[in-house]
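Shown next, in structure tokens, is the structure this report addresses.
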Amino acid sequence: MFYRSTRNSDVNVTSAQAIAQGISEDGGLFVPSEIPSVTMEDLKKLGEMTYAQRAFFVFSKYLTDYTEAEIRYCVEGAYNTKNFDTDNIAELAHIFDGTYMLELWHGPTCAFKDMALQILPYLLTTATKKIDLDKKVVILVATSGDTGKAALEGFKDVEGTEILVFYPDNGVSEMQKKQMTTQEGENVGVCAIKGNFDDAQNGVKAIFTNKEIGEKLAENGMMFSSANSINWGRLAPQIIYYVSSYAQLLKDGEIAEGEKINIVVPTGNFGNILAGYYAKHMGVPVNKLICASNANNVLTDFLTTGVYDRNRDFHATISPSMDILISSNLERLLYHLSGENDAQIREWFTALAESGRYEVTDDVKAALKEEFCAGYCDDDRTKATIKEYFDKYSYTCDTHTAVAVTVYEDYVKATGDKTKTVIASTASPYKFSGSVLSAVGNNADCDEFGLVDELAKVSKLPVPKSLAELKDKDIRFTEVIAKDEMKDFVFRSLNVK
Ligand SMILES: *Cc1c(COP(=O)(O)O)cnc(C)c1O
């Protein structure tokens, strides 16, 4: 198995190279040369295993250049109860008959990003050793709120790395901001930019692919890599929990062998749902992948019409981690669906960069319809769903998860589909306490930590220790810059002249 670039099929690198580099020099994303398979026998066996063992199984298929010992070191370092507050690592909560919430937020920063970012530093430092890269790796991150903190927590004080995070000044929740600006560690930097997530992501991509900046870094013994889901090392770990969920449902007798399930994912950069696509094409029986968006519904339109058009108003919503108009990982999906047609990908993504719009071919449109359903909802409906699930099922969901639940209920109403369904629950409600409380009719007027206490009273959920501790931490990072000053910030932080 090797990895190609979506913009040049002749690129041919190992997984270690792809993970160390983050993005291909041509601006394309790394994709596996084939999708490995998992059989029903495998899934039955996986049911008897721990999460770390299931992860070992999936990684062995994708990271074929890593030794067994290396993979074992990575999965055991990441997926344990020092880092996660549950033995199962990813919990599968039973909401009502045939509907399961895949709780991906039991890690140290309380969002699903931990599932990948707890292991990425292990995968990456192992990769740099394997390919004898004696450079310091500088991780650049653009975040809509959750990736930044999860990446900081994963990479803090990891030898041979430095991490710099950019977040949109007015685009993250109070708790998310506090998590990032109080970050500890000697190798970390955090900076707000005047702009939205797309500006941050475009800025980071431009720095990555700028030859001059790259050479300057090399002169100083450094190289860039990425902890965003453009890095294959972020995607691969996300495939695991879909494979794991199926194995678990099978073991628990919730589904029969071969029975198909739906997967619903609240989507922003299209990474999490793409991991579901890979799981399906490995052989996990999946009926529909349901893509849920908030008012920034560019993906809903794209999946239903085949026209991607980012020329529209940007909405700041109560599910800020999904406030995205350019979904990077779509590029990987389109590469697969177009028959690995790199010329076609270059054409579409050049058009996206230049005019903000492209339209896929009829074949690709048909393939999209076959694999995906899509829907969106606004903040009012998101809140109504939080209240409904709180009242009816005593289940408290965060704002992002509630978008997924709303879109799923719309889907069931429209189709009558009774397929059993796994809904990806992507954040702890405590990360968005104010919005969740107001949704259930509690308009407590207090600071962020007062809101946390209030939410603890009504939800009866334990407050994650990592969030409670933030209250007494000092703010370390206060800088706010214009979006065209990102390069200067990077050079300054790295002492590069
Ligand atoms: C990042 C994030 C999403 C979106 O996931 P993508 O992989 O970018 O599609 C959804 N919910 C939460 C809470 C997130 O942090």
Side-chain angles (χ1 to χ4, degrees), residues 29 101-117 120 141-153 165 167-168 171-173 175-176 179-180 197-198 200-201 226-232 234-239 241-242 263-279 289-294 296-300 302-303 317-333 372 374 376-377 382 386 397-407 423-433 435-436 464 467:
L29 306 187
M101 216 54 106
L102 175 58
E103 295 178 352
L104 300 170
W105 39 263
H106 290 279
T109 76
C110 309
F112 91 91
K113 305 297 198 291
D114 288 326
M115 301 302 297
L117 283 162
L120 183 63
V141 182
T143 183
S144 56
D146 290 326
T147 294
K149 177 60 183 180
L152 288 162
E153 210 40 51
V165 170
Y167 71 91
V172 301
S173 80
M175 187 59 89
Q176 289 174 322
Q179 280 186 307
M180 290 187 280
F197 170 74
D198 292 314
Q201 174 157 265
S226 169
N228 281 99
S229 55
I230 52 178
N231 193 326
W232 180 253
R234 269 282 303 275
L235 251 293
Q238 296 182 190
I239 300 169
Y241 46 75
Y242 294 116
I263 294 175
V264 190
V265 185
T267 306
N269 226 351
F270 210 76
N272 202 1
I273 193 163
L274 183 69
Y277 172 89
Y278 281 115
L289 292 159
I290 301 171
C291 177
S293 300
N294 63 24
N296 296 295
N297 58 358
V298 63
L299 283 169
T300 316
F302 175 68
L303 293 172
T317 72
I318 58 170
S319 43
S321 301
M322 295 156 67
D323 290 347
I324 291 177
L325 291 178
I326 303 175
S327 299
S328 296
N329 276 292
L330 211 46
E331 181 165 340
R332 286 192 166 105
L333 176 72
F372 295 91
Y376 74 98
C377 68
T382 305
I386 293 174
C397 37
D398 98 288
T399 48
H400 304 75
T401 307
V403 168
V405 170
T406 310
V407 168
I423 301 173
S425 173
T426 49
S428 156
Y430 285 108
K431 280 195 109 163
F432 308 93
S433 302
S435 300
V436 172
L467 296 187

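Counting starts at 1 for both ligands and their atoms, in listed order.
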What do you reckon, does Pro266 put a non-hydrogen atom under 4.0 Å from ligand 1? yes
If we only consider heavy atoms of Trp105, is any one of them less than 4.0 Å away from an atom in ligand 1? no
Please tell me if the side chains of Phe372 and Ile273 come closer than 4.5 Å, counting only heavy atoms from C-beta onward. yes
Show the atoms of ligand 1 that are less than 4.0 angstrom away from any heavy atom in [X].
X	value
Gly271	6 (P), 7 (O), 9 (O)
Asp146	12 (C), 13 (C), 14 (C), 15 (O)
Thr267	9 (O)
Thr426	10 (C), 11 (N), 12 (C), 13 (C)
Met322	10 (C)
Ala427	13 (C)
Asn272	7 (O)

N or O pair under 3.5 Å between [X] and ligand 1:
X	answer
Lys113	yes
Ser144	no
Thr147	no
Ile324	no

Any side-chain donor near an acceptor of the partner, Ser226 and Asn231, under 3.5 Å: no
Please check if any side-chain donor atom of Gln179 sits under 3.5 Å from a side-chain acceptor atom of Thr109, or the reverse. no
Closest non-hydrogen atom pair, Thr399 against Ser319: OG1-CA, 3.9 Å
Tightest non-hydrogen contact, residues Val265 and Thr267, listed as O-OG1, 2.8 Å
Minimum distance, heavy atoms only, to atom 4 (C) of ligand 1: which one of Cys291, Gly268, Ser327 is it? Gly268
Return the CZ to CZ distance between Phe270 and Arg332, rounded to the nearest 0.5 Å. 12.0 Å
Nearest protein heavy atom to atom 6 (P) of ligand 1, by residue and atom, and its distance? Asn269 N, 3.5 Å
Residue portion contacting ligand 1 (non-hydrogen atoms closer than 4.0 Å) for Phe270: backbone
Side chain, backbone, both or neither: the part of Lys431 lying under 4.0 Å from ligand 1 by heavy atom: neither
Over 60° means perpendicular and under 30° means parallel, so classify the ring planes of His400 and Phe432, tilted if in between. tilted
Hey, can you tell me if Tyr278 and Trp232 have their rings parallel, tilted or perpendicular (30° and 60° cut-offs)? perpendicular
Polar side-chain atom of Asp323 near backbone of Thr317 as donor-acceptor pair, under 3.5 Å: yes
Heavy-atom donor-acceptor pair, Asp198 side chain to Leu325 backbone, under 3.5 Å: yes
Checking Ser425 against Thr401 for the side chain to side chain donor-acceptor pair (under 3.5 Å) test, could you report, in this order, the C-alpha distance in whole Å, the side-chain angles of both residues, the deciding distance, and whether it holds? CA-CA 5 Å; Ser425 173; Thr401 307; 3.2 Å; yes
